[in-house]
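Throughout, numbering of the chain's residues begins at 1 and tracks the sequence. All figures in this text were calculated on a predicted structure; none of them were measured in a lab.
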Amino acid sequence: MSDLMLLALLVGLFVVSHELLSHPLRAPLVARLGEKGFAVVYSVVALASFGSAVQLWRETPKERLWDTPAGAYIPALAAMLVACIFFVGSVSAPNPAMMPGVKGEPKGLQRITRHPMMWSMAIWAGVHIMMTADPRTIVLASGVAVLALFGTAMQDGKKKAQNPAYAAHMARTSHFPFLAIVAGRQPWSAIWPGLVPVLGGLLLWFLILWAHPMLIGVPAAGWSYFQ
């Protein structure tokens, strides 16, 4: 079996195990193991599968399937800035999609998308697929994107069935970014995510660009613009 095929299997194992443990297997395992016991199993499976995938990604030789045009660098930088703003916004305000018992009107990034963290991961995946053109990265990033977007759809269904108030939250928001604003469910002023997500996202974005060579071994695309 090739390293790329094994990597695809490990990424697939991570995605499938995450979805099974998050949805159909969660209730029976919690009943048998308790919340803490389930959390241990969940963490071990996630770390083992994803950690093995990342390690194999590091060991697999890098290739390039296409030449990324220089004109893609600026859009990639902009997309990663959006991803960083979404990520900071996802952790700077309580979100009913992530935390049980959160009530009130959608806040900050939730008015743009009710899943800002997952969309930050999906944007990261898309940018890295486009810019690296590397089969090993395409496999790893595709798994992250599938987990982010398919997992949120599963999460919406589960939370809607468990909590009628979440259905009202879904009616006021959108999964796809900015759709609720375009559809009139949120005001156009909601396009501004807030000062904390924007400033925090800018800082995170710059730190990632700066640290990319140390963490990954290669400069981030477009980093030369800052040098």
Side-chain angles (χ1 to χ4, degrees), residues 1-19 22 46-47 49-90 109 112-155 174-179 201-202 204-226:
M1 182 183 297
S2 69
D3 287 345
L4 195 62
M5 181 63 70
L6 181 57
L7 177 62
L9 289 175
L10 287 172
V11 171
L13 175 63
F14 169 68
V15 173
V16 171
S17 64
H18 183 89
E19 292 305 316
S22 297
L47 288 173
S49 55
F50 191 68
S52 299
V54 170
Q55 183 60 36
L56 183 57
W57 175 87
R58 291 180 177 275
E59 295 172 356
T60 302
K62 183 179 179 180
E63 299 179 32
R64 198 164 185 88
L65 298 180
W66 62 81
D67 291 327
T68 305
Y73 287 3
I74 294 297
L77 284 171
M80 283 305 302
L81 175 57
V82 171
C84 290
I85 292 172
F86 276 25
F87 181 83
V88 173
S90 73
L109 257 298
I112 294 174
T113 169
R114 61 178 169 270
H115 295 292
M117 181 178 289
M118 295 298 103
W119 273 102
S120 73
M121 294 168 57
I123 293 169
W124 171 90
V127 168
H128 282 75
I129 288 172
M130 177 183 71
M131 299 305 293
T132 65
D134 175 16
R136 62 182 189 147
T137 302
I138 292 171
V139 170
L140 186 64
S142 295
V144 172
V146 169
L147 179 63
L149 300 181
F150 178 74
T152 50
M154 295 284 288
Q155 184 183 45
S174 63
H175 189 304
F176 195 85
F178 303 104
L179 186 59
L202 275 167
L204 177 62
W205 177 71
F206 186 81
L207 287 174
I208 289 173
L209 292 177
W210 172 76
H212 205 276
M214 292 174 279
L215 297 175
I216 307 299
V218 294
W223 175 241
S224 59
Y225 291 115
F226 298 91

Distance in Å, Leu147 CG paired with Ser22 OG, rounded so as to fall on 0.5 Å steps
8.0 Å
Met5 vs Ser2 side-chain heavy atoms within contact, under 4.5 Å:
yes
Measuring only between side-chain heavy atoms, which start at C-beta, is Cys84 closer than 4.5 Å to Leu202?
no
For Ala141 and Ala125, work out which heavy atoms get closest and say how close.
O-CB, 3.2 Å
Between Trp205 and Leu77, is there a donor-acceptor pair closer than 3.5 Å when you use the side chain of the first and the backbone of the second?
yes
Would you mind reporting whether Ile138 and Leu65 have side-chain heavy atoms less than 4.5 Å apart?
yes
Kindly give the heavy-atom pair with the smallest separation between Ala76 and Val127, and that separation in Å.
CB-CG1, 4.0 Å
So which heavy atom on Gly143 is nearest to which on Val15, and how close?
O-CG2, 3.5 Å
Atom OG of Ser52 and atom CG of Leu9: how far apart are they, to the nearest 0.5 Å?
12.5 Å
Any donor-acceptor N/O pair, Ser49 side chain to Ala46 backbone, under 3.5 Å:
yes
Just wondering, are more than 12 heavy atoms of other shown residues or ligands nearer than 6.0 Å to CZ in Phe178?
yes
Can you name the nearest heavy-atom pair linking Pro116 to Leu109, along with the distance?
CB-CB, 3.9 Å
Could you tell me if the side chain of Leu149 sits less than 4.5 Å from the side chain of Trp119, heavy atoms only?
yes
Do the side-chain N and O atoms of Thr132 and Arg136 include a donor-acceptor pair separated by under 3.5 angstrom?
no
Could you check whether any side-chain N or O of Asp134 sits under 3.5 Å from a backbone N or O of Glu63, counting only pairs where one atom can act as donor and the other as acceptor?
yes
Could you tell me whether Phe87 and Trp124 have their ring centroids closer than 6.0 angstrom?
no
Test side chain to side chain contact (heavy atoms under 4.5 Å, CB included) on Gln155 and Arg114; report intermediate values, then the result.
CA-CA 11 Å; Gln155 184 183 45; Arg114 61 178 169 270; over 6 Å; no
Sorted by chain and number, sequence neighbours left out, side-chain hydrogen bond (donor to acceptor under 3.5 Å, both in side chains) with His18 holds for Tyr42
Is the side chain of Trp66 donor-acceptor paired with the backbone N or O of Met130 at a distance under 3.5 Å, no angle test?
yes
Side-chain H-bond candidate by donor/acceptor type, Thr113 with His175, under 3.5 Å:
no
Just verifying a value: how many Å separate Ile112 CD1 and Leu179 CG, rounded to the nearest 0.5 Å?
12.5 Å
OG1 on Thr137 to CZ on Arg64, rounded to 0.5 Å
10.0 Å
Smallest separation among heavy atoms of Ala53 and Val11, with atom names
CB-CG2, 4.1 Å
Any non-hydrogen side-chain atom of His115 less than 4.5 Å from a side-chain atom of Met121?
no
Between Ile129 and Ser142, the two heavy atoms sitting closest are CD1-OG, 3.6 Å
Distance (rounded to the nearest 0.5 Å) between Ile85 CD1 and Ser120 OG:
11.5 Å
Take the angle between the ring planes of Phe14 and Phe50 and call it parallel below 30°, perpendicular above 60°, tilted in between.
tilted
Got Met117 and Phe86 here, is their nearest side-chain heavy-atom distance under 4.5 Å?
no
